[in-house]
Amino acid sequence: MKHLLYPVIFLFFFSLKPVLAQEKNSINQNEISIQKTDNDIFEMGYIDFRIISPTALGNHFLNEGYNQDVAGFELYMNIYKVYNFRIGFGHSRFGSSLTDASLAGNFKRANYRSYYVQVSYAIYRTNLLETGLNLGYGINYFRQITRGDRRGSYNTGELRAGIYGRYQFAENFGLSFGANYLTTNKDIKSSNVGKDLFGSTHIIYPYIGLYINFE
């Protein structure tokens, strides 16, 4: 169940072609369009509410000592588009439950928060569909919690890259989908014993959501 979003997004990509073929005959594309202005250079953005399914990778203690929740949350706001470039910022958050106290310490849960800015490039666009690549940088905050109290925390810089898609199904609403890969660019200082457990964090998550156009 945890990775249900992976096959959902995969199947959605492959089902787009027949769906779009049908909609050419049933939808007035002048009324429903992912491009909300007649200006090919400049276009206002959108706000995107997403459900994410995170997985920590490698032998980092976030992976070895914790099990990530089935779903997390992400809020992304695209400010505007210039040519094929989109500029925006966002916030992602998910929790993890302790599975190995010998690695993570005397904690029950951990929360991961990230605040980032992002530049996207639209590779493919039609009236109803847009897909592309994104690259961003942010700051993450990691909190380990016992009995509701914050007992351990740290924050680092974060690099991110991914793919995205948008499918417009109403005049100002649409479906968003994609996947992102995150990695921290700073290691936690630790002894040589178990140093790999406190190295750079690597996280991947697919997502699916709903967006609202500004216009």
Between [atom1] on residue [X] and [atom2] on residue [Y], distance to nearest 0.5 Å:
X    : Y   : atom1 : atom2 : answer
R113 : R93 : CZ    : CZ    : 5.5 Å
I208 : R50 : CD1   : CZ    : 11.5 Å
Y207 : S53 : OH    : OG    : 14.0 Å

Modelled atom types, side-chain donor and acceptor of N140 and T184, under 3.5 Å: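 No - no donor-acceptor pair under 3.5 Å links their side chains.
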Residue pair [X] / [Y], side-chain heavy-atom distance below 4.5 Å:
X    : Y    : result
N213 : N172 : yes
I51  : F73  : no
Y46  : K81  : no
S92  : F94  : no
E74  : Y205 : yes
T131 : I163 : no
I47  : Y76  : no
Q168 : L175 : no

Side chain to side chain contact (heavy atoms under 4.5 Å, CB included) evaluation trace for F49 with I212: CA-CA 9 Å; F49 304 90; I212 304 173; 4.2 Å; yes
Those residues that, when tested against I79, pass side chain to side chain contact (heavy atoms under 4.5 Å, CB included) (two or more places apart): F89
With sequence neighbours excluded, residues passing side chain to side chain contact (heavy atoms under 4.5 Å, CB included) with N134: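 Applying side chain to side chain contact (heavy atoms under 4.5 Å, CB included) to N134 gives Q118, S120, Y164, N180.
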Is it possible for you to say whether [X] and [Y] belong to one hydrophobic cluster, with membership spreading through side-chain heavy-atom contacts below 4.5 Å?
X    : Y    : result
M77  : F173 : yes
V82  : L135 : no
I139 : V117 : no

Candidate pair L57 and I204, rule side chain to side chain contact (heavy atoms under 4.5 Å, CB included), full reasoning: CA-CA 7 Å; L57 305 174; I204 187 171; 4.0 Å; yes
Y211 vs R166, side chain to side chain contact (heavy atoms under 4.5 Å, CB included): CA-CA, chis, key distance, verdict: CA-CA 8 Å; Y211 68 86; R166 298 199 299 142; 3.1 Å; yes
Between [X] and [Y], which heavy-atom pair has the shortest distance, and what is it?
X    : Y    : value
R86  : G45  : NH1-CA, 4.4 Å
D48  : G209 : OD1-C, 4.2 Å
R160 : Y137 : CG-N, 4.3 Å
G72  : P54  : N-CD, 4.3 Å

Aromatic plane relationship, Y115 with Y141 - under 30° parallel, 30 to 60° tilted, over 60° perpendicular: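 Because their plane-to-plane angle is over 60°, the rings of Y141 and Y115 count as perpendicular.
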Audit row: T55, I203, side chain to side chain contact (heavy atoms under 4.5 Å, CB included) steps and yes/no: CA-CA 6 Å; T55 300; I203 298 169; over 6 Å; no
S114 backbone acceptor or donor facing H91 side chain under 3.5 Å: yes
